[in-house]
Amino acid sequence: ISNVVEKDVAEVDINYKNREARLIRIKEKSPYRTKPKCPIFEKCGGCQIQHMIYSHQLEYKKRIVEELFKKTLKKTYTIKPCLGMDNPYYYRNKNQMVFGNDPKLKVISGFYVEGTHKVINFDNCYLQDDVTNKIVATIKDIMVKLRLSAYNEDRKTGLIRHVMVKRSFSLNETMVILVTGTEVFPGRNNFLKMLLARHPEITTVIQNINPKETSAVLGNKEIVLYGKGYITDCLGEYIFKISSQSFYQVNPKQTVVLYLTALKLANLSKTNTLLDAYSGVGTIGIFASSLVDKVISVELEKSAHLDAIENAKMNKIKNVRFFNDDATRFLINMARRKEKVDVVIMDPPRSGSTPQFLQAILMIKPQKVVYISCNPYTLVNDLQTLIKDYEINTIQPVDMFPQTNHVETVVLITKKN
Ligand code: SAH
């Protein structure tokens, strides 16, 4: 039942036939319950568990992992306590808002109400960095002043569809991406002048053109309107280029915790060959490079692949080789050539890996696999294949997305003898 917290005493309406339950009222509040900071928490759908005190959120996520392992792998595993944040708000470095029109407010921005294409308007999101919140609010204001309207999906009129703001907390650089339905942008110079005057912290502005009927935010064509077209960010002792299109972790503080956790579990040695699969802009491979003999990185997206090559150069790293390929195809070919790797770190998207990828791992036989997962459901399914030859050693959840029900987990498995 959504909106009920463990230890709430609640009156619920149970429909046994449909196996559904509906909350009628909370009679006694759980000690784990707290008043959500955000006034639109219940309407928005961006956060799911802001009504739980943070320590309970961590416990809740640990339990989700525990139950999934038990249910799918038919064994009770010890799950390490979820590694949380000191300040679980304002942690995101990427703010992405959809724009819409409203008779009263004229231009609105926020998220879609879950399951709809109706925009819920807000100026302040408690997960987003404050600077990025203010920039989005300013853009709305400028649009109203310049009489520009937001893009209308049905009529294909209006201008701005989405605004994305990416920030480097470490180097204080800010990128604004204006996603428009057409290349024509009336009053573009004026718009830019007003925006930069009010936010001198902006270091680059990009217009991204997305004319397609799609749920993808970004289109393929881009025009750099101001600055160098990307930002750079430090994670640990390394520096990374962030472009508009490439995947980059959204919680930089916890990203360092996540990577160091993965590397600690991998316990690499100077003679090792490491495979970094689903490598994005090469961050994990670069983090690991000084600990191993060599790294092989594979990533499907061209833009992330190109960023990865540049990132290795910027960090003066020479023992990482980057391949722009589908991870499954790449691994099947490795297995065919009987190539060996000692350790695999894999970090697939939410959909998980593929059966063929997992079979290829079983053929390549690395000593260890560190599986970093942003979706425990696909994680346990994939592990089901690997436990044929591997033993699960450590299961460590890391809270990358406080206030939401997203769970990140790092798992170390080692080869059975
Ligand atoms: N390890 C990186 C990226 C993780 S996100 C980091 O920590 O930042 C997952 C990455 O997998 C994305 O960059 C995505 O583009 C890539 N990807 C998705 N499908 C893929 C596939 N079939 N083969 C290789 N990479 C893929």
Side-chain angles (χ1 to χ4, degrees), residues 83 91-94 166 168 170 216-218 220 230-236 238-263 265-266 274-289 295-312 315 320-335 341 343-361 369-376 378-379 382 396 398-401 406-411:
L83 300 172
Y91 57 82
R92 284 180 62 98
N93 59 10
K94 181 178 101 173
K166 291 189 177 186
S168 153
S170 60
V217 173
L218 297 176
N220 296 324
Y230 63 89
I231 55 174
T232 44
D233 187 27
C234 290
L235 287 178
Y238 300 102
I239 186 163
F240 297 101
K241 175 180 165 181
I242 305 172
S243 58
S244 62
Q245 306 261 357
S246 308
F247 176 91
Y248 189 73
Q249 298 280 355
V250 296
N251 183 338
K253 212 168 198 164
Q254 290 299 84
T255 299
V256 176
V257 174
L258 180 73
Y259 290 174
L260 295 181
T261 300
L263 292 183
L265 292 181
L274 169 71
L275 174 74
D276 175 15
Y278 307 91
S279 60
V281 297
T283 42
I284 294 174
I286 289 173
F287 257 71
S289 60
V295 183
I296 301 165
S297 286
V298 57
E299 161 64 41
L300 183 63
E301 287 298 324
K302 184 93 185 184
S303 74
H305 168 71
L306 295 175
D307 284 353
I309 292 173
E310 204 160 318
N311 285 333
N315 290 290
V320 188
R321 279 195 71 186
F322 298 97
F323 294 89
N324 185 199
D325 201 353
D326 166 46
T328 299
R329 189 169 50 203
F330 186 80
L331 246 77
I332 291 173
N333 284 330
M334 269 187 100
V341 296
V343 184
V344 172
I345 298 184
M346 56 187 286
D347 185 10
R350 289 190 62 75
S351 51
S353 190
T354 63
Q356 298 88 335
F357 179 101
L358 301 167
Q359 287 306 331
I361 293 265
V369 177
V370 176
Y371 192 138
I372 303 178
S373 157
C374 56
N375 182 352
T378 53
L379 168 70
D382 288 352
Q396 174 68 71
V398 178
D399 196 17
M400 300 294 284
F401 314 101
H406 292 285
V407 186
E408 187 92 12
T409 319
V410 190
V411 179

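The first residue in the sequence is number 1, and the count goes up from there. In each ligand, atom 1 is the first atom listed, and ligand 1 is the first ligand listed.
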Worksheet entry | Distance in Å, N333 CG paired with F323 CZ, rounded so as to fall on 0.5 Å steps | 11.0 Å
Item to complete: Specify the protein heavy atom at minimum distance from atom 18 (C) of ligand 1: its residue, its atom name, and the distance to 0.1 Å.
Response: P349 CG, 3.6 Å
Discussion item. Contact between ligand 1 and Y248 is defined here as a heavy atom of the residue under 4.0 Å from a ligand atom; is it met?
Written reply: no
Worksheet item: Does an N or O from P348, backbone or side chain, lie closer than 3.5 Å to an N or O of ligand 1?
Response: no
Discussion item. Tell me whether Q249 has any N or O atom under 3.5 angstrom from an N or O of ligand 1.
Written reply: yes
Worksheet, complete the sentence: For A327, the atoms of ligand 1 under 4.0 Å from one of its heavy atoms are 21 (C), 23 (N), 24 (C)
Worksheet item: When the ring planes of F287 and Y259 are compared, do they come out parallel, tilted or perpendicular, using 30° and 60° as the limits?
Response: perpendicular
Item to complete: Verify, without hydrogens or angle tests, whether D233 (side chain) and S168 (backbone) share a donor-acceptor contact under 3.5 angstrom.
Response: no
Worksheet item: Has the side chain of N311 got a donor or acceptor atom that lies under 3.5 Å from a matching backbone atom of V281?
Response: yes
Discussion item. Distance check, rounded to the nearest 0.5 Å: R92 atom CZ versus K166 atom NZ?
Written reply: 10.5 Å
Worksheet entry | Value rounded to 0.5 Å, distance of CG in D326 from CZ in F357 | 9.5 Å
Discussion item. What I want to know is whether D347 and ligand 1 share at least one N or O pair that is separated by under 3.5 angstrom.
Written reply: yes
Discussion item. Distance check, rounded to the nearest 0.5 Å: L258 atom CG versus E408 atom CD?
Written reply: 5.0 Å
Discussion item. Counting only nitrogen or oxygen atoms and a 3.5 angstrom limit, does A304 reach ligand 1?
Written reply: no
Discussion item. Can you tell me if S279 contacts ligand 1 (heavy atom of the residue under 4.0 Å from the ligand)?
Written reply: yes
Worksheet item: Looking only at distance, does Y259 have an N or O less than 3.5 Å from an N or O of ligand 1?
Response: yes
Practice prompt. Check ligand 1 against T283 and write out every atom of the ligand that is under 4.0 Å from a heavy-atom position of the residue.
Written response: 6 (C), 7 (O), 8 (O)
Discussion item. Would you call the rings of H406 and F401 parallel, tilted or perpendicular, taking 30° and 60° as the class edges?
Written reply: perpendicular
Worksheet item: Are D325 and ligand 1 in contact, using a heavy-atom cut-off of under 4.0 Å?
Response: yes
Worksheet, complete the sentence: Under 4.0 Å from one or more heavy atoms of G280, ligand 1 contributes atoms 2 (C), 3 (C), 13 (O)
Response to the item:
If you scan protein heavy atoms around atom 16 (C) of ligand 1, the nearest is E299 OE1, 3.2 Å
Worksheet, complete the sentence: Atoms of ligand 1 under 4.0 Å from any heavy atom of D326, numbered from 1 in the order shown, are 21 (C), 22 (N), 23 (N)
Response to the item:
Candidates V281, T354, V250, L300; heavy atom nearest atom 20 (C) of ligand 1 found on L300
Worksheet item: Do any N or O atoms from the side chain of Q249 and from the backbone of N251 form a donor-acceptor pair under 3.5 angstrom?
Response: no
Fill in: Option whose closest heavy atom lies nearest to atom 3 (C) of ligand 1, chosen from F357, F287, F240, Y278
Y278
Worksheet item: Which value, rounded to the nearest 0.5 Å, describes the distance between L300 atom CG and N324 atom CG?
Response: 7.0 Å
